[in-house]
Amino acid sequence: MHQVTEERDYATLTWGMFLILILALTLSAIGPPYLPLVLLALAFAVLFAYRFIYAAFYTAIFLIPFLGIMISVPTGGLLLGQRSFGGDLDVFLVEVAMFPVLAAWAMRLIVLWVGRHDVNWRPKLPLIKEYFFLFFAHVLSIFSSAYPDKAFTLQFSLRPVLFDYLAFIALPVNLIRSKKRLIGALSVVLAASVLAALTGLIAIFFPADPSMLLGRAHPLPIFGVSALGENHNELAEIMVYGSFFAWALSMLVKDQRWRRILLWLGAFQTLIGIMTFTRTFWIVSVLQATFLGLTVWRESAKKYFSQLVMVAILLAPFALGVLYYTTTYTARSSNTTRLSLTEIAWDYFKNDPIFGAGAGSFIQRIGSTALFTIEYGSPLDAHGFIQKLMMETGVLGLAALLLLLVAFVVFVKQGLKSIASVRNQKILSLFIAAAGGAFVYQLFNTDYWTGKMWLPIGLCLAAFQVLSKETDERRE
C-alpha cells in the first residue's frame, strides 16, 4: 500500500511540475521591461487563487463568453516572442484569469496531495490519452512540407490546444467534486449566459433597419466594448449550452421557486437563440431535442407530446424566417465564403495529407491566397472545426479528434448505464446535450479553441463524476 501511495505521489508531483513548466514557457515569451511587472502581478494573483481557488475559478469561467476583451502584452526584443507572437502576446481576458488558477492548482497538487496526502486533491485527468494524441498531432505538424514556422506551431500547440484541456476539462473535473460545487459552477456560467441573452433581447428592439419593427438578436457592446463579440453567431453559441445548463440546474436545486425561475431562464435563452435567426442554432437545437427525445427523456416526450406539437406550431413562423434568410444575399454570400475557405483548406490538405500545413496557420495560408483576398478582403478563420484540423494537422489531427469523440461517447454511454437513478440520468442527459451542442456548433463556427466549446465538455465530465459518486454513496 505504501508503495502504491509513493507511485501516486510521484505521478502527481510530475503532473504538478508539468503544469508549472507549461505556465513558465508562456511567461518566457514576455521580455523586459514588462516581465518584472507581469511576474509581480502574477504572484499576487496566484496567492489569491491559492487561498480562494473557487472564487478565482468561478471568476474565470464567468469570463468565457467575453472573448471580445483581449489584453496585449509586448514581448520586448525576445526572439521567442517575436517569432511566436509577432512581438505582442495577445490573450483573452479569461486566459489571464485562468492562468493563476492553474498555477494555484499545480501548487495545491504538490503541497496538499504529495505533501499531506489529501485525497481530495488527487488529480483526475479524463480523456487525457485521447486528447494527448490531438495535441501531439498539432506538434507533429512542424514536419509539414508547407514549412510552417516551428516556434509558432509549438506555441499554438501549447496555447490554445493544450491550455484548453488544462483549463476547461482537467481543472473543472478536479475542482468540481461535490453537488455544491457543481451548482456553484453552473450558476456562474448561467449568470454569464443570461447576461448575454439580455443584450440580445435589447438588440431585438433596436433593429439595424429602422423600417423594421423587430431586429435579430445579437450581442450589444457593454460599456462601449464588444465584449461578447459583434456577430449573432457568437450569441447563439452561448444560448446552445446556456439553456440546457439552466434546465440541469433547475433539477439540482431544491427550492421550488428557483426551479421555476431556472426553467423560464432556459426557455428565455432558447427564445433568444431562435431570434438570432442563426441556421446553426436551429440545426444544433433539433439534434439536441432529438437526442433527448430518443434517450432517457423518451417517456416525458410521450407524456407531453401534445404540448410539444403546440410548441412546434408556434415556432413555425421563426422556421420560415430562417428559411427566408437562406435566400437572401447575405446568406448566399456567407455560403460562398465558407465554400471558398473549404476549397482552400482541401488544396492544402492534398499537398500534405499526413501532417497538414502547420498548426495555427489557417488564417496565414488564407491571407497568402491572392484569389481569396481579392474576392473577399481580409482573411477569415475556418468556419468549421473539421476544415481547420484537416488543413492544419492533416489525417493525424482528424484521426485524433475522432478518437477523442469516440472516447467521450463511450464514457457517457457507460456512465449513464452505471447510474441507477432515473433523475440523475435525466440531469446528465442535459449535460450531454449541452456538451454535444457546443461541439456540433463549432462544426460551423470559429470558436473551437476556446472555453465556449471545451468548458461544456468539462462540466459534463464533472457532472458524471459528482452524480455517479452520489449514486454510489446511496447504494452503500
Side-chain angles (χ1 to χ4, degrees), residues 4 6-23 25 102 105-106 109-110 113-114 119 121-143 153-154 156-177 354-356 359-360 385-386 388-390 392-418 428 431-432 435-436 438-439 442 448-451 453-466 468-469:
V4 173
E6 287 185 347
E7 290 176 356
R8 287 174 177 172
D9 287 353
Y10 179 75
T12 305
L13 177 63
T14 302
W15 179 252
M17 296 302 295
F18 173 73
L19 280 175
I20 293 174
L21 174 62
I22 294 299
L23 299 176
L25 285 174
L102 285 171
W105 179 40
L109 288 179
I110 296 172
W113 171 231
V114 177
V119 296
W121 291 96
R122 181 187 301 168
K124 294 186 178 181
L125 305 172
L127 307 179
I128 181 62
K129 294 179 181 179
E130 294 80 10
Y131 198 97
F132 177 78
F133 287 128
L134 183 61
F135 163 70
F136 197 51
H138 283 76
V139 174
L140 289 178
S141 67
I142 62 174
F143 299 109
T153 300
L154 292 175
F156 189 89
S157 300
L158 292 172
R159 174 191 164 267
V161 179
L162 182 58
F163 179 87
D164 282 353
Y165 177 84
L166 298 176
F168 305 124
I169 295 182
L171 194 59
V173 168
N174 282 272
L175 293 186
I176 303 173
R177 299 198 180 190
I354 304 299
F355 298 110
F385 202 9
I386 301 301
K388 179 94 165 182
L389 281 178
M390 177 180 69
E392 295 186 348
T393 61
V395 171
L396 293 178
L398 292 175
L401 178 64
L402 179 61
L403 182 64
L404 181 63
L405 287 177
V406 170
F408 177 77
V409 171
V410 171
F411 176 90
V412 298
K413 187 175 180 179
Q414 293 178 345
L416 284 176
K417 288 183 178 180
S418 66
L428 289 171
F431 278 93
I432 297 170
F439 176 81
Q442 298 309 326
Y448 17 75
W449 289 122
T450 70
M453 185 177 104
W454 296 104
L455 181 67
I457 296 174
L459 289 178
C460 180
L461 296 173
F464 267 92
Q465 173 181 252
V466 170
S468 62
K469 178 182 177 183

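Remember, it's a predicted structure, so these values are computed and weren't measured experimentally.
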Exercise for the section: Any chance you could lay out the side chain to side chain contact (heavy atoms under 4.5 Å, CB included) test for Ile169 and Leu461, step after step, and finish with the verdict? Expected result: CA-CA 8 Å; Ile169 295 182; Leu461 296 173; 3.8 Å; yes

Please name the pair of heavy atoms, one in [X] and one in [Y], separated by the smallest distance, quoted to 0.1 Å.
| X | Y | result |
| --- | --- | --- |
| Pro456 | Ala438 | CG-CB, 3.8 Å |
| Val466 | Ile176 | CG2-O, 3.7 Å |
| Val173 | Pro126 | CG2-CG, 3.8 Å |
| Glu392 | Gly360 | OE1-N, 2.9 Å |
| Ser157 | Val139 | OG-N, 3.4 Å |

Practice task
Using modelled atom types only, decide if a donor and an acceptor are shared between the side chain of Gln442 and the backbone of Met453 within a distance under 3.5 Å.
Solution key: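 Checked: no pair found.
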
Exercise for the section: Output yes when a side-chain donor or acceptor of Tyr448 lies under 3.5 Å from a complementary backbone atom of Lys388, and no otherwise. Expected result: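 Not confirmed, Tyr448 side chain does not pair with Lys388 backbone.
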
Considering only heavy atoms from C-beta outward, does the side chain of [X] approach that of [Y] to under 4.5 Å?
| X | Y | result |
| --- | --- | --- |
| Tyr131 | Val161 | yes |
| Ile432 | Leu416 | yes |
| Leu125 | Tyr165 | yes |
| Leu401 | Phe385 | yes |

Would you please indicate if the ring centroids of [X] and [Y] are separated by under 6.0 Å?
| X | Y | value |
| --- | --- | --- |
| Trp454 | Phe439 | no |
| Phe464 | Phe411 | yes |
| Phe163 | Trp449 | no |

In Å and rounded to the nearest 0.5 Å, what is the [atom1] to [atom2] distance from [X] to [Y]?
| X | Y | atom1 | atom2 | answer |
| --- | --- | --- | --- | --- |
| Thr393 | Leu134 | OG1 | CG | 7.0 Å |
| Thr153 | Phe143 | OG1 | CZ | 10.5 Å |
| Ser141 | Leu154 | OG | CG | 8.0 Å |
| Leu162 | His138 | CG | NE2 | 11.0 Å |
| Leu404 | Phe133 | CG | CZ | 11.0 Å |

Problem - Inter- and intrachain pairs under salt bridge (charged side-chain N to carboxylate O under 4.0 Å, His left out), touching residues 393-413, at least two apart - result: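 Listed once each, the pairs would be none.
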
Handout entry: Test side chain to side chain contact (heavy atoms under 4.5 Å, CB included) applied to Leu166 and Leu171, step by step
Key = CA-CA 6 Å; Leu166 298 176; Leu171 194 59; over 6 Å; no

Exercise for the section: Kindly write out the residues that satisfy side chain to side chain contact (heavy atoms under 4.5 Å, CB included) with Val409, not counting sequence neighbours, or none if the list is empty. Expected result: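 With neighbours one apart ignored, the set is empty.
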
Problem - Stepwise side chain to side chain contact (heavy atoms under 4.5 Å, CB included) check, Leu398 with Met390 - result: CA-CA 6 Å; Leu398 292 175; Met390 177 180 69; 4.1 Å; yes

Exercise for the section: Keeping to residues at least two apart or across chains, list the side chain to side chain donor-acceptor pair (under 3.5 Å) pairs with something in residues 168-177. Expected result: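 Counting only pairs at least two positions apart or across chains, the side chain to side chain donor-acceptor pair (under 3.5 Å) contacts touching residues 168-177 are Asn174-Arg177.
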
Exercise for the section: Using a cut-off of 6.0 Å, state whether more than 12 heavy atoms not belonging to Phe135 lie near its atom CZ. Expected result: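 Yes, the 6.0 Å shell around CZ holds more than 12 heavy atoms from other groups.
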
Exercise for the section: Under the side chain to side chain contact (heavy atoms under 4.5 Å, CB included) rule, what do Phe408 and Cys460 come out as? Steps first, then yes or no, please. Expected result: CA-CA 10 Å; Phe408 177 77; Cys460 180; 4.0 Å; yes

